[in-house]
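Convention: sequence-line order gives letters A, B, ...; per-chain numbering from 1. Atom set for the values below is all heavy atoms of this structure, side chains included, hydrogens, waters and symmetry mates excluded.
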Number of protein chains: 2
Amino acid sequence: MSNMGYAGHMELHEPELREVPVTAVLAALADDVRLQIVRALAEGGEYACGTFEFGVSKATRSHHLKVLREAGLTRTRVAGTSRYVRLRREELERLYPGLLGAVLAAPARA
Amino acid sequence: MSNMGYAGHMELHEPELREVPVTAVLAALADDVRLQIVRALAEGGEYACGTFEFGVSKATRSHHLKVLREAGLTRTRVAGTSRYVRLRREELERLYPGLLGAVLAAPARA
DNA sequence: TCCAATGTTCGAGTATCGTCGAACCAACGG
DNA sequence: CCGTTGGTTCGACGATACTCGAACATTGGA
């Protein structure tokens, strides 16, 4: 036990969306892998991190999920060894109405 | 004669918006300086490049305007020694309805 | 208790981005 | 014809981003 520095049992950093610069939100969406994750999240409700297999390593996937989370776009629930991620649709829609829809409306493989 | 053919020396690269990956559009908007430019363009109609003074050199400004143009977000008209830039609102609205509004609705200095 | 499964973090490599000054070019006005 | 004006392009630099393998932490089960 007595190990600090590892965030396994610490609070996840999930900022309020309004405190995230809009450029950070846009930058979070401006990546192919993350956009695929967002598309998948927009389909249903909650997904385990491991669900996302988009041709990147799990280290990279973890990185992208962190970027999305710290941009205020997703919320993560810890359950056992798994982490369940979901899109913060309502907040997103309230602060940037139309943004998510516009992004998702774009052709998937432009 | 046509001012397009040989008015300058080079055609400006202004792609069709639908041929630009959505990630490129988002990336173009995910920069503070460019967002300021877009905000200014959204106010009125046409601005000379030199109008934009956002604390960057003219080389940097030229770079950012190029990024916006090649992302399909702006159109540029050459007139004499000046270049007039305007936002491609209609096309943008048609392809990504709500996107521009959502971005512009964001607080200017988040 | 030991091991497998799920994620995170670290370190490093590569690539891309934002920025600038300097050089350049094309167009206009004496 | 020459200089000025408005912009672009060319290196170069530092910073950031994406990617991976390896090592680690936490949980849960055999």
Side-chain angles (χ1 to χ4, degrees), chain A residues 1-14 21 23-38 46-71 73-86, chain B residues 1 3-14 21 23-38 46-71 74-86:
Chain A
M1 23 185 173
S2 75
N3 181 308
M4 294 300 128
Y6 184 72
H9 61 295
M10 290 171 52
E11 294 288 331
L12 291 176
H13 182 212
E14 290 182 349
T23 48
V25 174
L26 293 169
L29 295 170
D31 176 274
D32 265 317
V33 176
R34 287 194 294 268
L35 205 45
Q36 289 183 69
I37 294 176
V38 169
E46 225 176 21
Y47 288 80
C49 297
T51 315
F52 309 111
E53 273 301 335
F54 296 122
V56 295
S57 72
K58 62 178 182 173
T60 301
R61 160 170 39 93
S62 191
H63 161 71
H64 285 309
L65 288 171
K66 181 178 181 181
V67 171
L68 288 173
R69 174 164 36 85
E70 296 192 335
L73 293 175
T74 60
R75 211 172 281 280
T76 302
R77 179 173 64 87
V78 180
T81 69
S82 295
R83 281 154 126 88
Y84 293 92
V85 183
R86 65 184 190 280
Chain B
M1 25 178 113
N3 62 343
M4 296 274 303
Y6 217 89
H9 58 302
M10 217 179 61
E11 297 284 333
L12 290 177
H13 183 211
E14 290 183 348
T23 48
V25 175
L26 293 169
L29 294 170
D31 176 274
D32 266 318
V33 176
R34 288 196 292 268
L35 206 46
Q36 288 184 70
I37 295 177
V38 168
E46 226 177 20
Y47 288 80
C49 296
T51 315
F52 309 112
E53 274 301 336
F54 296 121
V56 295
S57 72
K58 62 178 180 173
T60 300
R61 160 170 40 92
S62 191
H63 161 70
H64 285 309
L65 288 170
K66 182 179 183 181
V67 171
L68 288 174
R69 173 162 38 82
E70 296 192 335
T74 60
R75 213 173 278 283
T76 302
R77 181 174 62 91
V78 180
T81 68
S82 294
R83 283 154 127 86
Y84 294 91
V85 183
R86 66 184 189 282

- Task: Hey, which sits more toward the 5' end of DNA chain D by its nearest nucleotide, A:Gly55 or A:Gly80?
- Result: A:Gly55
- Message: How many whole angstroms separate atom NE2 of A:His13 from atom C1' of C:dT9?
- Response: 17 Å
- Enumerate the residue pairs fulfilling salt bridge (Lys or Arg N to Asp or Glu O under 4.0 Å) with a member in residues 46-56 of chain A, sequence neighbours excluded, ordered by first and then second residue. A:Glu46-A:Arg77, A:Glu46-A:Arg86
- Query: Does D:dT8 have OP1 or OP2 sitting under 4.0 Å from an N or O in the side chain of B:Ser62?
  - Reply: yes
- Message: Once you apply a heavy-atom cut-off of 4.0 Å, does B:Val56 come out as touching a base, just sugar-phosphate, or nothing?
- Response: sugar-phosphate
- Whichever of A:Ala59 and A:Asp31 has the more 5' nearest nucleotide on DNA chain D, that residue is A:Asp31
- Looking at C:dG7, D:dC18, C:dG21, which one has an atom nearest to any side-chain atom of A:Cys49? C:dG7
- Under 3.5 Å: donor-acceptor pair, side chain of B:Glu14, backbone of B:Thr76: yes
- Item | Sugar-phosphate, base or nothing in reach of B:Ser82, heavy atoms under 4.0 Å | sugar-phosphate
- Using a cut-off of 4.0 Å on non-hydrogen atoms, how would the nucleic acid contact of A:His64 be classed: base, sugar-phosphate, or nothing? sugar-phosphate
- Between C:dG18, C:dG21, D:dT9, which nucleotide has the shortest distance from any of its atoms to the side chain of B:Ser57? C:dG21
- OP1 or OP2 of D:dT27 under 4.0 Å from side-chain N/O of A:Thr81: no
- Under 4.0 angstrom, heavy atoms only, what part of the nucleic acid is A:Ala27 near: base, sugar-phosphate, or nothing? nothing
- Task: Return no unless some side-chain N or O of B:Arg83 is found under 4.0 Å from OP1 or OP2 of D:dT8.
- Result: yes
- Between the side chain of B:Arg34 and the main-chain N/O of B:Ala27, is any donor-acceptor distance below 3.5 Å? yes
- Decide yes or no for A:Lys66 and A:His63: does some side-chain heavy atom of the first lie under 4.5 Å from some side-chain heavy atom of the second? no
- How many Å lie between CZ on A:Arg61 and C1' on C:dA5, as a whole number? 12 Å
- In whole angstroms, how far is the P atom of C:dC24 from the NZ atom of B:Lys58? 14 Å
- Query: Please walk me through it: do A:Thr60 and A:His64 pass side chain to side chain contact (heavy atoms under 4.5 Å, CB included)?
  - Reply: CA-CA 6 Å; A:Thr60 301; A:His64 285 309; 3.6 Å; yes
- Query: In whole Å, what is the span from the CD atom of A:Glu53 to the C1' atom of C:dA5?
  - Reply: 14 Å
- Rounded interatomic separation in angstrom, taking CG from A:Leu29 and C1' from D:dA17: 16 Å
- Task: Round to the nearest Å and state the distance from B:Leu65 atom CG to C:dG18 atom C1'.
- Result: 14 Å
- Message: Any side-chain N or O of A:Thr60 below 4.0 angstrom from OP1/OP2 of D:dC20?
- Response: yes
- Is the shortest side-chain N/O distance from A:Arg34 to OP1 or OP2 of D:dC18 below 4.0 Å? yes
- Query: Looking at B:Leu35 and B:Leu29, what are the two nearest heavy atoms and their distance?
  - Reply: CD1-O, 3.8 Å
- Task: Send over the distance from A:His63 NE2 to D:dT16 P, rounded to a whole Å.
- Result: 14 Å
- Between B:Tyr84 (OH) and D:dT5 (C1'), how many Å, whole number? 12 Å
